[in-house]
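Letters A, B, ... are given to chains in the order of the sequence lines, protein chains preceding strands, and every chain is numbered from 1.
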Amino acid sequence: MSAVITASGLSKRYKSALALDDISFQVEPGRIVGLIGPNGAGKTTALKAILGLTDFTGSLNVLGFDPRRQRDKLMGEVCFIADVAVLPRWIKVRQAVDFVANVHPRFDRKKCEAFLARTKLTPEQRVRQMSKGMIVQLHLALVMAIDARLLILDEPTLGLDILYRKQFYQNLLEDYFDENKTIIVTTHQVEEVEHILTDLMFIRDGRIVLDADMDAVGERFAEVMVGADKVAEARQLKPLDERQVFGKSIFLFDGADRARLEALGEVRRPSVSDLFVATMKGTYA
Amino acid sequence: MKTFYWLLKRELWEHRGGFFWAPIITGGVFLLLNLMGIITGEVVGRKHGFNFAFGGTDSNLHLLDRALDKNSMDSVGAGLDMVMYSPTLIIGVVLGFVAFFYCLGALYDDRRDRSLLFWKSLPITDTATVLSKVVTATVVAPLIAVAVGMLTGIVMLLMFAVTLSFHGVGVWHLLLLSHPLQVMANLVGSVPLYLLWALPTVGWLMLCSAWARSKPFLWAVVLPVALGIVIGWFNLLGTIDLQNGWYWRNVVGRVLFSVFPGGWFTEVPHIGGSNPAEVLSTLSVTHTYAALASANVWIGVAAAAAMLAGAIWFRRWRDDS
């Protein structure tokens, strides 16, 4: 199958800053891609370009459409949750369902109602009377009932409590995702998504600094816990990062030789958040 | 087509207060004031010992029944028609305010509260979105206003009829002199004129609404007014000979105040007459459609088309969410 998204030479300049600096990437179908970067790195700009919400230079193909010129067709196949709480505050649950059901050809009303039945939302409830978590439940119910090929989530769980966050990703995995769908998600709560991602993309200062699937990440990066006696030896292997825990040193290596690492101590797969912190060192400095 | 219907419905959901409740409340208040007037008349009349209605004795009232010549029958009919028009007049002013602020917020409010991102996640073209808002302001809202106005007018007429019948006046056949169907036809028939006349204001306000990063009201009002002041200043200096009055009337007036109904009467020749029936007949649609012969209307429509195209472009590309 051909790629869901193909970007090459994508650039976007705002008045003062370069938000995207000549980036190129591909997203294959059936993947869950985590687009992860510090604040202001260009994540949202990249998503906006994919959704045709902003102009850019370079070439971008999303599901065979050019988001700049064929946005209306594209939106029939793409869904997005741009942020928590972008649902209009005056709308009632019933109205939101009615409206989407009548303007979206791929919307399955029964599915949506089944999702809503699992929440405390009532048809006459207005968005302004809901908590942030409930708004996301409504938005997710609407979006999951749409049979879209690409779902884009931009910080979908920001400001939600842990119960809602866990439930959000669980619903997404259990009731929505399959091999024909692709999900791109940006978030700062890396720990909560890292076990559901199939691909990882780090973005920093408008450039992609890491683009790999999770298996490759596991092969390429390694974390080793080293006793005090072998620290000097470990440092010679040029670790990405070093930190101290309980009197031992933890080193993070990129592409180092496995056998030599095993000799230093216990080798583990690094967590995405540790990898992220190591990669983004000095961003705000 | 189905999408467009739901877009209109969406606008009514969001602006139920302005489009439904504002005319209904206005009509209600209008009826209440009239009821208070009638009661005052009754009480004062009783105190002073005469019937207030038609200000005369019973025999006089019966005269009214018996011996109306053609001319006075026309006058009575026109008077009753005016009674039916009057609530719509007031509701029309309210409609003007509602439409003005609706247009100003139509493409701005959802950018401010970011719900734009939800609407933009649906497969709806920006053209359809903007046009649905134009149709809401220029067709749906005036139709609702006319319907409520008509209903209020009929209730008011009945109110007077009931009062008079307490005084032994056989008003029911008097009511037959009125022309409710004609009144209705005139009001509904004016909606297309309203649409054409209001377009430049709707276009300008929506352009500002789609373009402004903040405070669309200020931009929409300040820009044309400031330009007018500059023109006035140049006139004062005598450096260039620009028609100041022309500018205020044909530019400022048309981009800011044309959402108030009835402006097109200025483009209709010979309005008025020597008696109520004549005045009313010059205000009927058969006469007022003469406004379509004026260039003012069509230049306004053309300008509106350009401004709305601009609004659609900004709706598509404005990137500040």
Heavy atoms from other residues, nucleotides or ligands near CZ of A:R207 exceed 12 (cutoff 6.0 Å):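 Not more than 12 within 6.0 Å, no.
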Heavy atoms of other groups near A:Y14 OH, more than 12 under 6.0 Å: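 Yes, OH of A:Y14 has more than 12 neighbouring heavy atoms, counting only those of other groups under 6.0 Å.
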Of all the heavy-atom pairs spanning [X] and [Y], show the shortest one and how long it is.
X: B:R316; Y: A:R68; result: NH2-O, 3.0 Å
X: A:V86; Y: B:F118; result: O-CB, 3.7 Å
X: A:V103; Y: B:I124; result: CG2-CD1, 4.1 Å

How about [X] and [Y]: do any of their side-chain heavy atoms sit closer than 4.5 Å?
X: A:T54; Y: B:W317; result: no
X: A:P105; Y: B:P123; result: yes
X: A:V100; Y: B:L122; result: yes

CA sep, side-chain torsions, deciding dist, call: B:L117, A:F80, side chain to side chain contact (heavy atoms under 4.5 Å, CB included): CA-CA 9 Å; B:L117 289 171; A:F80 70 94; 4.3 Å; yes
Toward chain A: residues of residues 6-20 of chain B with heavy atoms under 4.5 Å: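 Listed by number: B:W6, B:L7, B:R10, B:W13, B:E14, B:R16.
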Is [X] in contact with chain B via its backbone, its side chain, both, or neither, using a 4.5 Å heavy-atom distance?
X: A:I152; answer: neither
X: A:L142; answer: side chain
X: A:V127; answer: neither

Counting only pairs under 3.5 Å, give me each side-chain donor-acceptor contact of residues 125-132 of chain B, with atom names and distances, residues two or more places apart or in other chains.
{"unit_1": "B:T125", "atom_1": "OG1", "unit_2": "B:A128", "atom_2": "N", "d": "3.1"}
{"unit_1": "B:T129", "atom_1": "OG1", "unit_2": "B:T125", "atom_2": "O", "d": "3.1"}
{"unit_1": "B:S132", "atom_1": "OG", "unit_2": "B:T129", "atom_2": "O", "d": "2.7"}

For chain B, the option from A:Q95, A:K73, A:M75 that forms the most heavy-atom pairs under 4.5 Å: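 Max contact count across the listed options: A:Q95.
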Value rounded to 0.5 Å, distance of OG in B:S121 from CG in A:L151: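 CG of A:L151 is found 10.5 Å from OG of B:S121.
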Check: B:K120 main-chain N/O paired with A:R71 side-chain donor or acceptor under 3.5 Å: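 Here the side-chain-to-backbone pair exists.
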